[in-house]
Q: 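Take this structure first; my questions come after.
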There are 2 protein chains.
Amino acid sequence: MATRARRPERREEPLSRERIVEVAIELLDTAGERGLTFRALAERLATGPGALYWHIAGKGELLDAATDAVVAGTLTAGPVDAAPREATRALALGVFDAVEAHPWIGAQFARAPWRSPMLRVFERLGRQVQAIGVPEAAQFTAVSALLNYILGVAGQNAANARAHQERQPDTDRAQFLGAVSASWAELDPDAYAFTRNVAEQLRDHDDREEFLAGIDFILTGIAVRHGPTGTALS
Amino acid sequence: MATRARRPERREEPLSRERIVEVAIELLDTAGERGLTFRALAERLATGPGALYWHIAGKGELLDAATDAVVAGTLTAGPVDAAPREATRALALGVFDAVEAHPWIGAQFARAPWRSPMLRVFERLGRQVQAIGVPEAAQFTAVSALLNYILGVAGQNAANARAHQERQPDTDRAQFLGAVSASWAELDPDAYAFTRNVAEQLRDHDDREEFLAGIDFILTGIAVRHGPTGTALS
DNA sequence: ACCTGAACACCGTTCAAGT
DNA sequence: ACCTGAACACCGTTCAAGT
């Protein structure tokens with residue numbers, strides 16, 4: 001029941017692919033994935049839905065372009081001369097933070113295979129893995145592991161953000177986690193003994209730290225299997 | 001342009017939640033996520049769309065129930081008395097194979113947070129992590145890393161299956177990978193030096209082995225950080 | 001070349017009416 | 001209690017007609 005009170009401002013600049021993508025991102029950020037429709041987009045751009053198709057092939061391409069714009073924007077930053085392990089962490093955190101700021105890119109990321117936004121991250125990760133000294137034959141495997149993990153977390157965070165938004169929009173994050181934690185504590189003690197046991201850890205956990213711990217597990221595993229000796233615990 | 005020639009068979013058994021979910025799974029497997037509509041479902045069940053709402057709250061619940069039925073079915077199998085590391089690999093492979101057989105659960109998995117299907121996997125992973133000897137305070141982190149990685153691969157495989165199905169349905173997997181690999185080889189040499197470099201590795205890689213390698217990285221990382229001494233390379 | 005907006009072919013969901 | 005199917009409120013997309 002969101003109010004539709006936003007009036008179509010008079011258009012001073014001409015319609016363009018860039019402008020459409022820009023407004024699409026605004027719409028996705030404020031109204032969520034379900035809020036992005038060609039009609040809403042057209043209204044904000046003071047035109048009809050058909051006009052958009054002159055610049056963009058369809059909704060899929062629009063989502064791709066919006067995701068790519070956000071991801072490209074976040075990957076420009078980052079420490080340039082850090083040690084490869086630190087640089088990998090920074091890179092991964094950049095994606096993590098982008099998903100937190102724009103939950104919809106998490107879902108889109110997980111949905112589109114080998115498309116432009118993902119390739120950007122793949123390339124950056126690859127350079128760090130090379131710098132770590134992973135032999136060439138194992139580089140694809142190492143980068144895939146890192147990327148798949150990052151995508152998994154991204155998708156999960158997006159899903160959580162959506163659930164939080166749709167089901168308990170007036171609670172804060174701590175309350176939301178508390179509710180999930182409480183529901184775990186009520187699970188069947190035989191079938192879900194472990195889950196009940198860690199319900200408290202869920203309540204107190206820090207998403208970012210948890211995410212980085214996973215990155216460290218993978219980097220450590222890569223180092224043990226493929227790195228120069230002595231780097232496993234670095 | 002799929003033919004709709006399937007006639008509604010006379011219904012001998014009464015409508016039930018189980019029957020609806022069963023037909024929904026058939027529809028998802030044969031026609032993909034876009035093929036699951038309440039109208040198509042009602043036609044196959046020889047009724048009207050409204051009837052389904054007596055048994056299922058809506059489309060979200062239907063997708064949840066379908067995913068849960070498939071996941072629950074695959075988790076029953078698996079070696080009972082294997083070493084924890086082997087059991088974890090078997091468990092992970094079970095999810096991997098389920099996603100390969102039913103690509104749509106990959107997307108659904110990644111979309112639904114902390115719902116029943118995911119909790120089943122979480123619990124199973126948790127028991128293995130306990131058996132490995134990870135201290136209690138680190139168990140949630142360890143299981144989260146494994147689960148997020150599995151979800152990432154699942155989502156990615158689902159996305160790839162959909163892209164393969166929608167864009168080159170008459171090519172086999174090797175041809176599809178070859179096409180992606182070839183497109184990588186044409187990327188800008190400066191911006192995508194690494195990606196170009198591993199294009200050949202993409203062409204020849206084995207999804208299952210790649211997946212297991214990632215599981216091993218994480219398990220190794222967990223062992224190095226939290227396991228009893230000497231288990232890192234086991 | 002670019003825009004307009006009505007129209008088309010769908011959706012998920014509801015609900016009065018039936019049995 | 002359970003089913004029916006027309007109707008409602010939307011979608012993405014197309015396209016004849018305009019400028």
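Sequence lines set the chain letters: A, B, ... in the order given, protein chains first and strands last, and positions in each chain run from 1. The figures here come from the full heavy-atom set of this structure, side chains too, leaving out hydrogens, waters and symmetry mates. All of these numbers come straight from a predicted model, not from anything done at the bench.
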Q: CZ of A:Phe38 versus P of C:dC3: gap in Å, rounded?
A: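 After rounding, the reported distance stands at 15 Å.
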Q: Can you tell me how far C1' of D:dC2 sits from CZ of B:Arg17, to the nearest Å?
A: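 It works out to 16 Å between those atoms.
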Q: Please figure out whether B:Arg39 or B:Ala51 has its closest DNA chain C nucleotide nearer the 5' end.
A: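 So the residue in question is B:Arg39.
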Q: Run the side-chain contact (heavy atoms from CB on, under 4.5 Å) test against B:Glu18 and tell me which residues pass, sequence neighbours left out.
A: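 With sequence neighbours excluded, B:Glu18 shows a side-chain contact (heavy atoms from CB on, under 4.5 Å) to B:Ser16, given in chain and number order.
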Q: Suppose the criterion is side chain to side chain donor-acceptor pair (under 3.5 Å): which pairs have a residue in residues 49-60 of chain B, not counting sequence neighbours?
A: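 Listed by first then second residue: nothing to list.
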Q: Using modelled atom types and a 3.5 Å cut-off, is there a donor and acceptor pairing between side-chain atoms of A:Thr30 and backbone atoms of A:Glu26?
A: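 Looks like yes, one N/O pair under 3.5 Å.
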Q: Grab the stems for DNA chain D, please: at least three consecutive Watson-Crick or wobble pairs, both distances below 3.5 Å, written as range with range.
A: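 Detected stem regions: C:4-8 with D:12-16, C:12-16 with D:4-8.
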Q: Applying ring-ring contact (aromatic ring centres under 6.0 Å, His included) as the test, list every pair that has at least one member in residues 167-204 of chain B; sequence neighbours left out.
A: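 For residues 167-204 of chain B: A:Trp114-B:Trp184, A:Phe122-B:Trp184, A:Phe122-B:Phe194, B:His164-B:Phe176.
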Q: Using whole Å, report how far CZ of B:Arg19 lies from P of D:dC3.
A: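 Answer to the nearest Å: 13 Å.
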Q: Using atom CG of B:Leu52 as one end and atom C1' of C:dG12 as the other, report the distance to the nearest whole Å.
A: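 In whole Å, C:dG12 C1' and B:Leu52 CG are 11 Å from each other.
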Q: Could you give all pairs that pass the side chain to side chain donor-acceptor pair (under 3.5 Å) test and reach residues 94-108 of chain B, with sequence neighbours left out?
A: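 Sorted result for residues 94-108 of chain B: B:Asp29-B:His102, B:Asp29-B:Trp104, B:Asp64-B:Gln108, B:Asp97-B:Arg208, B:Gln108-B:Arg111.
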Q: Check residues 142-154 of chain B and write down every donor-acceptor pair under 3.5 Å in which the side-chain atom is one partner and the other belongs to a residue at least two apart or another chain.
A:
residue, atom, partner, partner atom, Å
B:Ser144, OG, B:Phe140, O, 2.9
B:Asn148, ND2, B:Ser144, O, 3.1
B:Tyr149, OH, B:Phe211, O, 3.0

Q: Quick one: A:Glu43 CD to D:dC10 P, roughly how many Å, whole number?
A: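 It works out to 13 Å between those atoms.
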Q: Side chain of B:Leu15, heavy atoms from C-beta onward: which of D:dC3, D:dG12, D:dC8 has the nearest atom to it?
A: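 Among D:dC3, D:dG12, D:dC8, the one nearest the side chain of B:Leu15 is D:dC3.
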Q: Which residue pairs pass the salt bridge (Lys or Arg N to Asp or Glu O under 4.0 Å) test with at least one member in residues 141-160 of chain A, sequence neighbours excluded?
A: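 Qualifying pairs: none.
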Q: Quick one: salt bridge (Lys or Arg N to Asp or Glu O under 4.0 Å) pairs with a partner in residues 183-202 of chain A, sequence neighbours left out?
A: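 Listed once each, the pairs are A:Glu200-A:Arg203.
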Q: Less than 4.5 Å apart, any side-chain heavy atom of B:Asn160 and any of B:Asp207?
A: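 The answer is no; the side chains never approach within 4.5 Å.
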Q: Which of the following nucleotides, D:dT13, D:dG12, D:dC3, is nearest to the side chain of A:Pro49?
A: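 It is D:dT13.
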Q: Tell me which residues in residues 54-70 of chain A lie within less than 4.0 Å of DNA chain D, going by non-hydrogen atoms.
A: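 Heavy-atom cutoff 4.0 Å gives A:Gly58, A:Lys59.
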Q: Write down the distance between CZ (A:Arg34) and P (D:dC11), rounded to a whole number of angstrom.
A: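 Taking atom P of D:dC11 as the reference, CZ of A:Arg34 is at 9 Å.
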Q: Nearest-Å distance, CD1 (A:Ile20) to C1' (C:dC2)?
A: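 These atoms are roughly 11 Å apart.
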